[in-house]
Amino acid sequence: MSLADQALPYVRAISPYQPGKPITELARETGIPVDQIVKLASNENPLGMSPKAKKAVEAAISGVERYPDQFDLIAKVAERCGLAQNQVVLGNGSNDVLDLIARVFLAPGRSAVFAQHAFAVYPLATLSIGGELIATPAKNYGHDLDAMRAAIRPDTRIVWIANPNNPTGNFVPYPEVRAFLEAVPKDVVVVLDEAYNDYLPPAERVDVAGWIKDFPNLVVCRTMSKIYGLAGLRIGYALASAEVADLMNRVRQPFNVNNLALAGALAALDDDEFLQASYELNRLGMAQIVAGLEKLGLEYIKPHGNFVTFKVGDGAGVNQKLLKQGVIVRPIGGYGLPEWLRVTIGAEPENTRFLEALEQAL
Ligand SMILES: *Cc1c(COP(=O)(O)O)cnc(C)c1O
C-alpha cells in the first residue's frame, strides 16, 4: 500500500500543469549559454517590466517585515474599472482567483463547463476540489458558446471562458459573449478570463466590467503577468458582484498578494507609456511572425493575444529541433493539439531567431 492510495481519487486523476521550459533548464540540459537562448514559451513581455514598477518594487523592499495591505491597489483597480472596492478580489496571479472561484462554487457532485483547447488552469481548478469537468468540442479551435450553453446541467455552477483564448488565440466577439450571458441560467457563474484583452486593438475592446451590474453571475479575471510584464511577481484580480467577491474573499488567504507585487502593480497600472510601447512591439512582432509563418507555408490560427499558434505536423519533433537551436516555444499536445506549436511574440531579434530556427527545424 502506498500513500498515494490514501489520496483523494480526484487529486490522483489530475494531470500536472506543464509550464514553458525555463531558460536555465535548457541551459543545464544542452550546455547552451543562458544569454544565447530565446524563450518564447510563456507569453511573457519581451520589454520586461515597467521602469516605474521596478522603482516601486525596489522601494517596497524596505517594508517587507510588515504584512501587506491591499487597500491602495484595490482602490486603484476599482476606480479604473468603475466598480466599488468591494467588487475587486486580488490574487497571487490570476490563477489564484480562478482557484478561489472554483472553491466557492464547486465540490464533488457539481460540474463546470469549459471548451476543448481552452486554458489548462480551468480543469485544474475544477478537478482539484472534486468538481466534474464538462468539455465541449471546439469550433474552429475556439469556444463554441452555443455548445457550452447546451452543455450546462442542473448541477453546473461555473462556465469558464478565456477571451482571447490561450493556447489557440481565438477570440469570441463581445456581442456573442453578451448574448451568451443573456442565455445562461442566472445561477451559473460565467468566468470571463481576459488575460489578453490588453492586446486587442483599442477599437475592439469592450468594458465588460460594466456588464456586472446587469449580470451578477459574471466574474471577470485579469492578470498583470502579460502586457504589464509582472509574471514573476504573481498578481492578478477578479471583478465581480459584491456578493460573489465577498464569498471569494472568505476563502482567500488573508495575505495572498505580497508587498512587492502590490507596489509593482500599483505603479504599473499608471505607466501608460510602457503599456503603449508593449502593445506596439506586440503589433509589429505579430506582423513579423505571421509574415514569416506565411513565407514557410504554415497554417496558423488568427491571433488576438501576444502569441501565435501554428501547425507543423509533428509538434513534439519540431519542438525538439528548436530546443537544440536554443529556441524555446510551447508544445501544446497536452491541449489536444499535438500537431501545433505556440510561439510568444518577442522582440524583433528574438522573432528573427525563432523564424530562422523554425525554417531549419522543418
Ligand atoms: C497567462 C494566463 C493567465 C494568467 O495567469 P497568472 O496566474 O496571472 O500569471 C490567466 N489566464 C489565461 C488564459 C492565461 O493565458
Side-chain angles (χ1 to χ4, degrees), residues 17-20 22 39-46 48-49 53 73 77 88-103 112 114-126 128 135 138 141-143 148 158-172 177 190-200 208 219-239 248 252-253 256-258 260-262 264-265 268-269 278 282 301 303-309 329-332 334-335 337 340-345:
Y17 182 79
Q18 292 172 341
K39 183 188 177 202
L40 299 173
S42 300
N43 301 344
E44 295 150 344
N45 190 328
M49 75 195 287
L73 184 59
V77 170
V88 178
V89 180
L90 301 184
N92 186 27
S94 61
N95 274 230
D96 188 23
V97 294
L98 296 172
D99 245 354
L100 298 181
I101 300 163
R103 284 167 55 204
F114 99 123
Q116 182 189 22
H117 313 317
F119 191 42
V121 169
Y122 311 144
L124 281 177
T126 302
S128 65
Y141 304 103
H143 293 72
M148 293 180 83
I158 294 179
V159 178
W160 305 104
I161 299 173
N163 205 37
N165 185 40
N166 172 24
T168 61
N170 292 78
F171 176 67
V172 181
V177 176
V190 176
V191 178
L192 195 58
D193 182 353
E194 296 202 312
Y196 300 98
N197 81 321
D198 306 287
Y199 292 103
L200 296 174
V208 292
V219 180
V220 179
C221 298
R222 305 234 173 96
T223 180
M224 303 204 61
S225 296
K226 307 286 158 59
I227 204 164
Y228 288 96
L230 302 180
L233 274 183
R234 311 303 304 130
I235 171 83
Y237 57 87
L239 308 171
M248 290 171 66
R252 180 177 63 77
Q253 282 183 43
N256 62 331
V257 181
N258 69 71
L260 305 189
L262 290 169
L269 282 171
S278 301
N282 189 68
I301 298 168
H304 293 91
N306 64 343
F307 57 92
V308 187
T309 300
V329 299
R330 191 70 156 263
I332 48 177
Y335 286 88
L337 295 166
W340 301 72
L341 292 172
R342 188 194 75 188
V343 65
T344 301
I345 309 301

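Order of appearance sets the numbers: ligands from 1, and atoms from 1 within every ligand. Numbers for residues simply follow the sequence, beginning at 1. In this text the structure is predicted, and so the values were computed from the model without any measurement.
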Which ligand 1 atoms are under 4.0 Å away from a heavy-atom of [X]?
X: Ala195; result: 2 (C), 3 (C), 10 (C), 11 (N), 12 (C), 14 (C)
X: Thr223; result: 4 (C), 6 (P), 8 (O), 9 (O)
X: Asn166; result: 13 (C), 14 (C), 15 (O)
X: Arg234; result: 6 (P), 7 (O), 9 (O)

> Do Tyr196 and Phe171 have ring centroids that are under 6.0 Å from one another?
Replying inline: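 So the answer is no for these two rings.
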
> Closer than 4.0 angstrom: is that true for some heavy atom of Gly236 and an atom of ligand 1?
Replying inline: no

> Would one find an N or O of Ser94, backbone or side chain, under 3.5 Å from an N or O of ligand 1?
Replying inline: yes

> Is there at least one pair of N or O atoms, one from Ser225 and one from ligand 1, spaced under 3.5 Å apart?
Replying inline: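 Looking only at distances, the answer is yes, because the N/O contact criterion of under 3.5 Å is met.
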
>> Can you confirm whether Trp340 sits close enough to Ile301 that some side-chain heavy atom of one is under 4.5 Å from a side-chain heavy atom of the other?
In response: yes

> Sub-3.5 Å donor-acceptor pair from the side chain of Arg330 to the main-chain atoms of Leu341, do we have one?
Replying inline: no

> Between the side chain of Tyr228 and the main-chain N/O of Leu269, is any donor-acceptor distance below 3.5 Å?
Replying inline: no

>> Among Leu260, Val257, Asn92, Leu262, which residue satisfies the side-chain contact (heavy atoms from CB on, under 4.5 Å) criterion with Leu233?
In response: Leu260

Please report which non-hydrogen protein atom sits nearest to [atom], along with the residue it belongs to and the distance in Å to one decimal place.
atom: atom 11 (N) of ligand 1; result: Asp193 OD2, 2.6 Å
atom: atom 5 (O) of ligand 1; result: Asn95 ND2, 3.1 Å
atom: atom 1 (C) of ligand 1; result: Lys226 NZ, 1.3 Å

> CD1 of Ile101 to SG of Cys221: how many Å apart, nearest 0.5 Å?
Replying inline: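 Between Ile101 CD1 and Cys221 SG, I get 4.0 Å after rounding to 0.5 Å.
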
>> Show the nearest heavy-atom pair for residues Ala268 and Met224, with the distance to one decimal.
In response: CB-CE, 4.0 Å

